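The structure presented is a predicted model; accordingly, all values stated were derived computationally and were not measured. Residue numbers begin at 1 in each chain, while the letters A, B, ... track the order of the sequences.
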Number of protein chains: 2
Amino acid sequence: MNYTEFEQCGLKRSMEVLSGKWKPLILHHLFHEKEIRFIELWRKMPRVSKKVLLEQLQQMQEHRIVERIERNDFPPQVAYRLHPDTKSLGPALQMLEAWGKSR
Amino acid sequence: MNYTEFEQCGLKRSMEVLSGKWKPLILHHLFHEKEIRFIELWRKMPRVSKKVLLEQLQQMQEHRIVERIERNDFPPQVAYRLHPDTKSLGPALQMLEAWGKSR
DNA sequence: GAAATGGGTTACCTGAAAGTAAACTTCTTT
DNA sequence: AAAGAAGTTTACTTTCAGGTAACCCATTTC
């Protein structure tokens with residue numbers, strides 16, 4: 001019995017980085033908007049606190065799911081967009097979206 | 001701002017029922033084996049306790065991800081297989097599997 | 001009749017995820 | 001100078017998924 005199978009399952013690894021209470025919604029928005037400011041995203045998701053939203057985004061950044069773009073304008077302007085690696089997930093996520101809707 | 005969007009996001013709904021520490025691995029096995037006994041599944045995943053494995057399976061049953069088949073033989077024989085509704089997820093999950101492996 | 005089997009239950013514990021609330025920073029507007 | 005905006009941080013609390021360990025039940029085999 002090889003225990004490494006545990007770590008090798010690609011599905012598990014994918015799900016790990018995609019799951020989190022607010023991540024699917026973030027992905028949903030980013031797939032539709034291509035780039036969105038932090039504050040805008042927050043306005044679209046008024047039930048999360050800024051803190052938690054930020055945490056989710058930071059984790060997604062570490063996992064290379066999203067990219068953070070900072071323009072040192074004033075007022076501070078930070079935007080998020082999908083990381084290029086994530087774009088190939090589009091079709092899979094669309095299927096999940098449709099499947100989730102139809103139940 | 002409509003809060004119901006929160007509940008309507010299909011991606012969120014999908015992820016909710018698919019995520020859980022051991023569910024991706026369970027899915028992985030069920031997609032490969034079509035039907036598998038509880039004890040067999042447990043042997044393939046020796047790092048989960050029976051209790052937790054059972055919990056995951058029960059949740060997946062409630063969510064109509066898997067089906068439970070009971071044969072009242074002796075010793076008790078219970079098997080799990082994918083629920084028909086889940087089979088259409090095959091392609092999406094394969095993509096996630098591949099994506100997860102390639103990083 | 002003792003032990004093993006397969007599926008499941010019970011009771012209890014722990015850590016990480018998520019929530020709440022407030023404050024900080026740097027600049028702009030009034 | 002006061003107030004507000006955008007992004008972030010700090011500190012503290014609550015919740016719950018998952019973990020451990022032991023036990024139950026019906027039958028079979030030794």
Between atom CD of B:E35 and atom CD1 of B:I69, what is the distance when rounded to the nearest 0.5 Å?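 Reported to 0.5 Å precision, the distance equals 4.0 Å.
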
For the NE2 atom of B:H63 and the CG atom of B:L18, what is their distance to the nearest 0.5 Å?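 The distance works out to 10.0 Å.
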
Atom-pair distance ([atom1] on [X]; [atom2] on [N]), nearest Å:
{"X": "B:M45", "N": "D:dG19", "atom1": "CE", "atom2": "C1'", "value": "14 Å"}
{"X": "B:W22", "N": "D:dG18", "atom1": "CH2", "atom2": "C1'", "value": "10 Å"}
{"X": "A:K51", "N": "C:dC24", "atom1": "NZ", "atom2": "C1'", "value": "17 Å"}
{"X": "B:Q59", "N": "D:dG18", "atom1": "CD", "atom2": "C1'", "value": "10 Å"}
{"X": "B:H63", "N": "D:dA17", "atom1": "NE2", "atom2": "P", "value": "11 Å"}
{"X": "B:F38", "N": "C:dG6", "atom1": "CZ", "atom2": "C1'", "value": "9 Å"}
{"X": "B:E70", "N": "C:dG6", "atom1": "CD", "atom2": "P", "value": "16 Å"}
{"X": "B:E62", "N": "D:dA17", "atom1": "CD", "atom2": "P", "value": "11 Å"}

Quick one: is [N] close enough that its OP1 or OP2 comes under 4.0 Å of any side-chain N or O from [X]?
{"X": "A:R47", "N": "C:dG19", "value": "no"}
{"X": "A:Q58", "N": "D:dT9", "value": "yes"}
{"X": "A:Q56", "N": "C:dA18", "value": "yes"}
{"X": "B:R37", "N": "C:dT5", "value": "no"}

With side-chain contact (heavy atoms from CB on, under 4.5 Å) as the test, would you mind laying out the steps for A:H28 and B:K12 before giving the verdict? CA-CA 9 Å; A:H28 177 92; B:K12 183 181 200 309; over 6 Å; no

With heavy atoms under 4.0 Å as the rule, sort B:Q77 into base, sugar-phosphate or nothing.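 Sugar-phosphate only.
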
Heavy atoms under 4.0 Å, any strand shown: does A:L54 hit a base, just sugar-phosphate, or nothing?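 Answer is base: heavy atoms of A:L54 come under 4.0 Å of a base.
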
With DNA chain C as reference, determine whether A:K50 or A:G20 sits nearer its 5' end, using the nearest nucleotide of each.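 That would be A:G20.
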
First encountered from the 5' end of DNA chain D, between A:V78 and A:E55: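 With A:E55 and A:V78 compared, the 5'-side residue is A:V78.
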
A:L89 vs A:I65, side-chain contact (heavy atoms from CB on, under 4.5 Å): CA-CA, chis, key distance, verdict: CA-CA 10 Å; A:L89 272 184; A:I65 306 298; 5.8 Å; no

Are A:M95 and B:M15 linked, directly or through intermediate hydrophobic residues, by side-chain heavy-atom contacts shorter than 4.5 Å (ILVMFWY only)?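 No, it is not one cluster - the side chains of B:M15 and A:M95 are not joined through contacts under 4.5 Å.
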
